[in-house]
J.: 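Could you have a look at this structure, given as C-alpha cells, before my questions?
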Amino acid sequence: MVIVSLQETNQEAVRAAAIHNARFDLVELRVDTFKNGDPLAAVGDLKQPVILTLRTAAQGGELDITAAAYIARLREFLTAHKFAAVDLELQTVQTARRTDAQAVASLLSLVEELGIPIIWSHHEWQRTPSVDEIREFFRLLGQQTTPHGTPKLALMAHSPADTALLLECLREYTAKGRPAIGISMGDFGALSRIAAGAFGGVATFASCGSASAPGQLNLDRLAAISDALAAQGVDSAAAAALSVAEISALLARLAD
C-alpha cells in the first residue's frame with residue numbers, strides 16, 4: 001500500500017497525479033504544512049481515502065504547538081471532515097494525558113465513534129536506536145493500538161546496518177500477524193521504502209512533488225522499481241523469504 005503526503009507546497013502535483021490514476025492508495029493530509037490555504041479544500045474530490053496528520057515540530061513537523069492544542073486541533077479537523085484514518089503521535093498524546101487525560105479520552109472516543117483506524121506514530125529524526133529500544137518502541141506503539149490501529153515507527157538511518165536493523169525488528173514484530181509500518185529515513189533508508197512489505201510492513205510513503213521526509217522516493221521511481229521486481233518474479237511473498245542482504249543485492253542488480 002502506497003501513501004502520498006499532500007502538503008501546501010505539492011497539492012497541485014498530488015491532485016494532478018490522482019487525476020491521471022497514479023499508483024498510490026491513500027493520501028496523507030499534512031495539515032501542519034498549510035500556512036495560507038484551507039487544508040480541507042485541498043483534499044477536494046480526491047478519490048483516494050485521506051489520512052489526517054498534524055505533525056508537531058517536536059516530531060519533525062511544521063507546527064509548534066502544545067500537546068493540549070494538538071489534541072484540540074485534531075478534534076476540530078475530525079469533526080469537520082470524514083477521514084479514512086488519523087495519525088496520532090505517541091509522544092504528544094502521552095504528554096497531553098499528563099495534563100488533561102479527559103481531553104485525550106474524549107478524542108479517542110470520538111475516533112471510535114467515527115469508526116476510523118489510528119496510526120500511532122513515533123519519529124526519531126537523529127538516530128536509529130539499539131535493537132532493544134526499537135523493540136520497545138514497537139511494543140509501546142502496539143499497546144496503544146485499537147483493534148483497527150497500526151503502529152508506525154520512523155528512524156533516521158546513518159548506514160545500511162541501521163536500515164537492516166529496523167527491517168529485522170519490523171519482521172520480528174509483524175511475524176505474529178500484527179500490522180505495522182517501519183521506515184528508515186535518509187539516503188540509507190531507501191530499502192525500507194521499497195521492500196518494507198517483505199518484512200511485514202503494511203504501507204510505504206512516496207513523494208509527489210515535494211517530499212515530506214528525508215529519503216522519500218518519488219512515486220514514479222517507486223512504481224518503476226516495483227515493476228522491475230515483479231518482472232523478476234519477486235513479489236512480497238517471495239521477498240519475505242529473503243534476508244536484508246539478499247534483497248539489497250537484488251535491488252543493486254536491478255539498478256545496474
Side-chain angles (χ1 to χ4, degrees), residues 1-65 69-92 116-126 150 152-156 181-187 189-190 192-194 196 203-223:
M1 181 165 57
V2 178
I3 302 170
V4 166
S5 288
L6 191 160
Q7 308 166 69
E8 186 170 48
T9 55
N10 76 338
Q11 53 184 306
E12 294 305 322
V14 173
R15 293 184 65 78
I19 291 171
H20 291 90
N21 297 314
R23 289 163 57 177
F24 61 93
D25 305 287
L26 296 116
V27 171
E28 177 192 45
L29 179 61
R30 280 286 303 274
V31 297
D32 56 291
T33 68
F34 284 77
K35 304 297 188 287
N36 301 306
D38 176 9
L40 297 182
V43 175
D45 56 355
L46 287 176
K47 294 182 293 184
Q48 290 82 358
V50 179
I51 302 167
L52 170 64
T53 297
L54 195 168
R55 187 69 67 229
T56 65
Q59 278 287 287
E62 298 188 23
L63 202 57
D64 189 5
I65 57 175
Y70 170 80
I71 298 298
R73 290 290 299 276
L74 282 175
R75 187 178 186 86
E76 290 174 8
F77 281 113
L78 286 169
T79 54
H81 184 82
K82 176 61 175 178
F83 291 94
V86 59
D87 179 296
L88 294 183
E89 298 175 353
L90 176 62
Q91 176 179 291
T92 310
I116 62 175
I118 297 173
I119 299 172
W120 286 98
S121 67
H122 181 74
H123 295 70
E124 289 284 332
W125 290 90
Q126 302 300 323
T150 302
K152 174 193 173 187
L153 181 62
L155 311 173
M156 182 59 72
I181 300 169
I183 298 167
S184 284
M185 298 182 288
D187 293 339
S192 72
R193 299 184 180 279
I194 297 166
T204 189
F205 287 76
S207 65
C208 186
S210 55
S212 63
Q216 228 174 53
L217 295 174
N218 178 273
L219 184 62
D220 292 336
R221 176 63 177 154
L222 183 63

J.: Return the OG1 to CZ distance between Thr9 and Phe34, rounded to the nearest 0.5 Å.
T.: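 CZ of Phe34 is found 8.5 Å from OG1 of Thr9.
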J.: Do Phe83 and Leu40 come close enough that some side-chain heavy atom pair is under 4.5 Å?
T.: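 They are in side-chain contact.
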J.: Test your reading of the model: is there a side-chain donor-acceptor pair from Glu8 to the backbone of Asn36, 3.5 Å cut-off?
T.: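 Yes; at least one donor-acceptor contact below 3.5 Å.
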J.: Name all residues meeting the side chain to side chain contact (heavy atoms under 4.5 Å, CB included) criterion together with Lys82; count only those two or more places apart in sequence or in a different chain, and write none if there are none.
T.: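 Lys82: side chain to side chain contact (heavy atoms under 4.5 Å, CB included) contacts with Ile116.
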J.: Check salt bridge (charged side-chain N to carboxylate O under 4.0 Å, His left out) between Glu124 and all other residues, then give those that pass, not counting sequence neighbours.
T.: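 Only Arg127 meet the salt bridge (charged side-chain N to carboxylate O under 4.0 Å, His left out) criterion with Glu124.
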J.: I want to check something: taking the side chain as every heavy atom from C-beta on, are His123 and Ile183 in contact at a cut-off of under 4.5 Å?
T.: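 No, their side chains stay 4.5 Å or more apart.
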J.: So, using side-chain hydrogen bond (donor to acceptor under 3.5 Å, both in side chains) as the criterion, who are the partners of Thr56 when residues are at least two apart?
T.: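 For Thr56 the side-chain hydrogen bond (donor to acceptor under 3.5 Å, both in side chains) partners, ignoring immediate neighbours, are Glu89.
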J.: Taking side chain to side chain contact (heavy atoms under 4.5 Å, CB included) as the test, write out the residues that go with Glu76, two or more places apart.
T.: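 Only Arg73 meet the side chain to side chain contact (heavy atoms under 4.5 Å, CB included) criterion with Glu76.
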J.: For the side chain of Ser207 and the backbone of Leu217, is there at least one donor-acceptor N/O pair under 3.5 Å apart?
T.: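 Side chain of Ser207 to backbone of Leu217, a donor-acceptor pair under 3.5 Å: yes, one is there.
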J.: Given side chains that start at C-beta, do those of Met156 and Gln126 come closer than 4.5 Å, heavy atoms only?
T.: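 A side-chain contact is absent here, since even the closest heavy-atom pair is not under 4.5 Å.
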J.: What heavy-atom pair brings Ser121 and Arg55 nearest, and what distance separates the two atoms?
T.: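 Heavy atoms only, the tightest pair is OG-NH1, 3.5 Å.
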J.: How many angstroms lie between atom CG of Asn10 and atom OG of Ser5, to the nearest 0.5 angstrom?
T.: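 The OG atom of Ser5 is 8.0 Å from CG of Asn10, to the nearest 0.5 Å.
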J.: Restricting to non-hydrogen atoms, name the atom on Phe24 and the atom on Val14 that form the minimum distance, rounded to 0.1 Å.
T.: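 Looking at all heavy atoms of both residues, the shortest contact is CZ-O, 4.3 Å.
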J.: Write down the atom of Gln91, the atom of Ala58, and the distance for their closest heavy-atom approach.
T.: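 Taking every non-hydrogen atom into account, NE2-CB, 3.9 Å.
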J.: Taking side chain to side chain contact (heavy atoms under 4.5 Å, CB included) as the test, write out the residues that go with Asp220, two or more places apart.
T.: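 If we apply the side chain to side chain contact (heavy atoms under 4.5 Å, CB included) test to Asp220, skipping adjacent residues, the hits are Asn218.
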J.: Can you tell if the side chain of Pro39 reaches within under 4.5 Å of the side chain of Phe77, non-hydrogen atoms only?
T.: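 Counting from C-beta outward, Pro39 and Phe77 do come under 4.5 Å.
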J.: Suppose we screen for side chain to side chain contact (heavy atoms under 4.5 Å, CB included). Which residues come up paired with Asp187, at least two apart in sequence or across chains?
T.: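 Testing Asp187 for side chain to side chain contact (heavy atoms under 4.5 Å, CB included), a comparison that skips the adjacent residues, returns none.
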J.: Is there a donor-acceptor contact under 3.5 Å from the side chain of Trp125 to the main chain of Gln59?
T.: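 Yes: the side chain of Trp125 pairs with the backbone of Gln59.
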J.: Does Val31 reach the side chain of Leu63, with side-chain heavy atoms less than 4.5 Å apart?
T.: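 They are not in contact (no side-chain heavy atoms under 4.5 Å apart), so the answer is no.
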J.: Look up atom OG1 in Thr150 and atom CG in Asp87, then write down how far apart they are to the nearest 0.5 Å.
T.: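 Between Thr150 OG1 and Asp87 CG, I get 11.0 Å after rounding to 0.5 Å.
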J.: How many angstroms lie between atom CG of Leu222 and atom OG1 of Thr204, to the nearest 0.5 angstrom?
T.: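 That separation rounds to 6.0 Å.
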J.: Would you compute the distance between atom CD of Glu12 and atom CG of Leu6 and round it to the nearest 0.5 angstrom?
T.: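 Separation between the atoms: 9.0 Å.
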J.: For the residue pair Pro117 and Ala84, what are the closest heavy atoms and their distance?
T.: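 It is CD-O, 3.0 Å.
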J.: Give me the atom names and distance for the closest heavy-atom approach of Ser192 to Ser184.
T.: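 The answer is OG-N, 2.9 Å.
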J.: Any side-chain to backbone donor/acceptor pair from Asp32 onto Leu54? Under 3.5 Å, distance only.
T.: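 Not a single qualifying donor-acceptor pair exists.
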J.: Could you tell me whether the side chain of Arg30 reaches within less than 4.5 Å of the side chain of Thr53, counting heavy atoms only?
T.: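 Result yes, sub-4.5 Å side-chain heavy-atom pair found.
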J.: What distance do Ile3 atom CD1 and Leu219 atom CG have between them, rounded to the nearest 0.5 Å?
T.: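 Nearest 0.5 Å value for the CD1-CG distance: 12.0 Å.
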